[in-house]
Amino acid sequence: MRVGLVSPYSFDVPGGVQAHIRDLAEALIGLGHHVSVLAPADDETVLPSYVVAAGRAVPVPYNGSVARVALGPISLTRVRRWLREGHFDVLHVHEPFAPSLSLLACLAARGPLVATFHTATPRSRALAAAEGVLQPVLEKISGRIAVSELARRVQVEHLAGGGVEIPNGVSVERFAGAAPLPGWPGDGGALGFLGRFTEPRKGFGILLDAFSRLAPERPGLRLLVAGPGDADEALAGLDPALRERVVLLGLVSDEDKARMLRSVDVYVAPNTGGESFGIILTEAMAAGTAIAASDLDAFRRVLDDGAGGALFRTGDAVELARVLGGLLDDAGRREALSAYGSTAVAAFDWPVVARRVLDVYDLVLAAVPGEVTGDDETLPLPEGLA
Amino acid sequence: MTVVIVSFLVAFVVAAYLTWTAGRVERLHDRCAAARASLDAQLVRRAAAAAALARDHAEVLGERAHLLRGAAQAALDAGEDGRELAENDLTRELRHVPWSGTEPVLADVVTASSRTTLARHIYNDAVRDTLALRRRRLPRALRFGAKHPWPRYFDIDDGAFPR
């Protein structure tokens, strides 16, 4: 099958949506399909062979963070050319309502269209305002996928669309086979955290609080942290005596992320909200690391209500400390969680997830005849406006 | 003079908008029809897989084999009105089979079931979009799409083997 994927965000910057598209593309290629990804990028950027650059991306604030997007007549021309030359059986856009390439592709394309919705921010003002205006775009999308129950609900509430839930995938092999960092996890116990630790909803402060409670009685206990942010600011409240037992790796590559997850006894996800899916949990499961996570809806789902990881009350550092203490003292329980996780994560392995996406393609093809073309002129939008 | 030009422009824009909206309604009805045909095909496949299961494993299924075959046949024979009920009965019978969804003996039935779920979502999304447009004031007033009956949601429980 010839598949065209469209990314709204630039591949120069790491991000969940871009990673999802890259992994899906590679999984589909691995299953023998032809894939082309259209993404915003400079012509000079070095990109994987299956990615086509659609022009420079500009930073735009969207959905609580800054996204690098591409809009405008040059991008639209490139979208049309890519659609014309691609001869795709199916066009699969991601985040079609982000003001970027995906939206342009939806406007220009005709034929079998599939869209994946990633956003799970409830009551997004952008979406609420766009309702109605975007209905003609939504109408062209026959197959709708949401990566989580939460993303699906957002879509149902704002856009009166349904869609099927297909979870984010994870490259199990990459995580399960990674070597721990030298000297880790050590004998005294090691905890791990990954993410932008300066962002309050990531809950790093709660983990630091719990760590401060555990550390005095556990002289060997260490904390391994990966992610971008200012270290001094993040550790300002920490007892200086404990400072050297917190190791910050900074922003890590995908490879080091896998090694980092393999380097700790317990991976901690103290998030307080805003999580759509909890992909990091599936990654920790793939790495075979025991997990302690706050009892957010998204996390409960991934962890099968506690069978795949220990849950604690969201925001409660005292309970987190108690849960972590229990896990650190009980190697048997950690092993049981790890074994459960390794089995459960098979359902999230990318080849498995990609086959489910292919099922959606098949059924959309059965319901929409013809190949994808880029010549929809029926929308009353002059090119410059789009 | 200016008045004439402006009137012409306005008339042109209005005409373009009306043509475009009428086209949208037609395209949505086409989408519903195609999605419905695809859903029907999946439902037939599911019933056929269930019937084959009842036939090939009658000994293990015991008296359930008879019920399963009956439910599958009823789903195949059902008319427009009784279709949803018959399909729900078939789902209920499929839940009673003594195998889990991961066992190879169920492979055909499980595949057909999950594809039915997908086809139903695709069809219901098409219905939702069509109704959203046809319920608006303009299409109603101008009777856009009036030659087509209002599409109906197809609501069944087809999750006999949740993933």
Side-chain angles (χ1 to χ4, degrees), chain A residues 90 107 110-115 117 131-146 149 152 155-156 158-167 301 343-344 346-348 352-353 355-370 376-382, chain B residues 12-43 45 101-102 110-136 139 153-155 158-159 162-163:
Chain A
V90 64
L107 289 174
R110 212 203 288 250
L113 240 76
V114 174
F117 296 81
E131 216 174 329
V133 179
L134 289 176
Q135 184 65 28
V137 176
L138 187 68
E139 274 169 21
K140 302 170 88 179
I141 303 169
S142 297
R144 298 167 199 176
I145 299 172
E149 174 55 26
R152 206 179 81 87
Q155 202 188 322
V156 169
H158 292 304
L159 303 157
V164 290
E165 185 187 336
I166 298 181
R301 275 168 190 281
T343 314
F348 298 104
V352 176
V353 173
R355 279 198 183 86
R356 295 181 62 180
V357 175
L358 280 168
D359 271 348
V360 175
Y361 294 171
D362 274 345
L363 284 155
V364 166
L365 284 177
V368 187
D376 194 344
E377 309 282 358
T378 52
L379 284 171
L381 283 173
Chain B
F12 179 76
V13 168
V14 168
Y17 182 73
L18 292 180
T19 313
W20 175 67
T21 307
R24 270 174 76 194
V25 173
E26 287 306 311
R27 280 194 297 277
L28 282 167
H29 275 289
D30 289 350
R31 202 180 122 203
C32 280
R36 182 54 199 242
S38 149
L39 172 61
D40 286 343
Q42 296 307 326
L43 288 167
R45 259 180 228 175
T102 52
V110 170
T111 306
S113 291
S114 73
R115 291 174 69 91
T116 300
T117 307
L118 290 176
R120 181 172 55 84
H121 278 295
I122 288 170
Y123 171 70
N124 282 339
D125 283 343
V127 172
R128 194 177 291 111
D129 290 348
T130 309
L131 293 179
L133 183 59
R134 278 196 63 184
R135 280 185 182 139
R136 298 182 68 146
Y153 288 111
F154 190 82
D155 225 349
D158 45 25
R163 306 213 218 200

By a 4.5 Å heavy-atom criterion (distance strictly below it), what part of [X] contacts chain A: side chain, backbone, both, or neither?
X      : value
B:A35  : both
B:I122 : both
B:L133 : side chain
B:A119 : both

Begin with the C-alpha distance, continue with both residues' side-chain angles, and end with the deciding distance and a verdict on side chain to side chain contact (heavy atoms under 4.5 Å, CB included) for A:L363 and B:Q42.
-> CA-CA 9 Å; A:L363 284 155; B:Q42 296 307 326; 3.4 Å; yes
Mind checking what makes side-chain hydrogen bond (donor to acceptor under 3.5 Å, both in side chains) contact with B:R45, not counting sequence neighbours?
->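 Applying side-chain hydrogen bond (donor to acceptor under 3.5 Å, both in side chains) to B:R45 gives none.
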Starting at CG of B:L131, measure out to SG of B:C32 and round the result to the nearest 0.5 Å.
->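 Those atoms lie 7.5 Å apart.
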By ring pair (Phe, Tyr, Trp, His ring centres under 6.0 Å), which residues pair with B:F154, not counting sequence neighbours?
->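 If we apply the ring pair (Phe, Tyr, Trp, His ring centres under 6.0 Å) test to B:F154, skipping adjacent residues, there are no hits.
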